Amino acid sequence: FYEVVMPPERLLIVGGGHCGRALAHAASVLNQFAIVVADDREEYARPADYAFPGVEQVLHLPPTFEGLPAADEQTYVVLVSKGFVTDEAALRRLIDAPVPYLGMIGSVRKREVVYDKLRADGVAEVKLARIHAPVGLEIGAETPEEIAVSILAQIIQVRSQCKAQAAAPQPAAEDVQV
């Protein structure tokens, strides 16, 4: 008998402030993700503050977020850092990653400011269109804990859609019309 053991899906949280910590805590309750938290502020990147099940790594990185772990098809990414500049820096590092979910917290105004900078540097609209910004499902969330629930609900929704697409029968090559 063979048992195939896949690595757990990973949740990469960039930003360890109130929303990042609430998100790590809520995600730990789901017990479905290996959780990594990264922040550029030492006081928000202390492993002892994330003693939740599933939190595998807490990283203190420079504001450019150089050193972020590589993100792949098994990584869900949420940007909830301290502001425009750091979210943009992290987004630049992750925009080309083949992640199923890339979300950024903030207002529509923040999104447009960040997107305008990325567009000015030649980032294609198709790459911007896949970012969930503002992040989370619109449920009227106000507290960090409510925001965390709305983000996780959206991640679960996206993950379910990806699994349904992967399970759907694919047409045979001879059935594809060009």
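Small disclaimer: the values here were computed from a predicted structure and weren't measured.
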How close do [X] and [Y] get, counting heavy atoms only, and between which atoms?
X: Val158; Y: Pro100; value: CG1-O, 3.4 Å
X: Ala89; Y: Pro63; value: CB-O, 3.5 Å
X: Arg130; Y: Ala97; value: NH2-O, 2.6 Å
X: Ala24; Y: Val37; value: CB-CG2, 4.1 Å
X: Tyr44; Y: Gly17; value: CD2-CA, 3.6 Å
X: Ala153; Y: Leu137; value: CB-CD1, 3.6 Å

What distance separates [X] [atom1] from [Y] [atom2], expressed to the nearest 0.5 Å?
X: Ile13; Y: Leu59; atom1: CD1; atom2: CG; value: 11.5 Å
X: Leu128; Y: Leu91; atom1: CG; atom2: CG; value: 7.5 Å
X: Leu79; Y: Leu102; atom1: CG; atom2: CG; value: 5.5 Å

Joint hydrophobic cluster, [X] plus [Y], side-chain heavy atoms closer than 4.5 Å:
X: Ile131; Y: Val77; value: yes
X: Val14; Y: Phe52; value: no
X: Val114; Y: Val99; value: yes
X: Val80; Y: Ile35; value: yes
X: Phe65; Y: Val36; value: yes

What I want to find out is whether Asp40 reaches Lys82 closely enough, with some N-O distance under 4.0 Å, to be called a salt bridge. yes
Output yes when Asp87 and Lys110 qualify as a salt bridge under the 4.0 Å nitrogen-oxygen rule, no when they do not. yes
Walk me through it: do Leu12 and Val78 pass the test side-chain contact (heavy atoms from CB on, under 4.5 Å)? CA-CA 6 Å; Leu12 174 57; Val78 181; over 6 Å; no
Test side-chain contact (heavy atoms from CB on, under 4.5 Å) on Glu125 and Arg119; report intermediate values, then the result. CA-CA 8 Å; Glu125 287 298 323; Arg119 283 183 192 107; 2.4 Å; yes
Restricting to salt bridge (charged side-chain N to carboxylate O under 4.0 Å, His left out), what partner residues turn up for Asp49, sequence neighbours left out? Arg21, Arg46
For Arg159, all residues meeting salt bridge (charged side-chain N to carboxylate O under 4.0 Å, His left out), sequence neighbours excluded: Glu9
Do [X] and [Y] make a side-chain contact, defined as non-hydrogen atoms from C-beta onward lying under 4.5 Å apart?
X: Ile155; Y: Leu11; result: yes
X: Tyr101; Y: Gln154; result: yes
X: Ser81; Y: Ile105; result: no
X: Pro134; Y: Arg111; result: yes
X: Glu142; Y: Ile147; result: no
X: Lys127; Y: Asp96; result: yes
X: Gln161; Y: Gln165; result: no
X: Arg92; Y: Lys117; result: yes

Using the side-chain contact (heavy atoms from CB on, under 4.5 Å) rule, take Leu23 and Leu152 through it: C-alpha gap first, then chi angles, then the decisive distance, then the call. CA-CA 8 Å; Leu23 182 57; Leu152 284 171; 3.7 Å; yes
Arg93 and Glu66: CA distance, side-chain angles, deciding distance, side-chain contact (heavy atoms from CB on, under 4.5 Å) verdict: CA-CA 8 Å; Arg93 295 204 173 273; Glu66 184 176 342; 3.4 Å; yes
Asn31, CG: over 12 other non-hydrogen atoms inside 6.0 angstrom: no
Does His60, at its NE2 atom, have more than 12 non-hydrogen atoms belonging to other residues, nucleotides or ligands within less than 6.0 Å? yes
Below 30° counts as parallel, above 60° as perpendicular, anything between as tilted: where do the rings of Phe33 and Tyr76 land? perpendicular
Side-chain (Glu146) to main-chain (Thr143) donor-acceptor, under 3.5 angstrom: yes
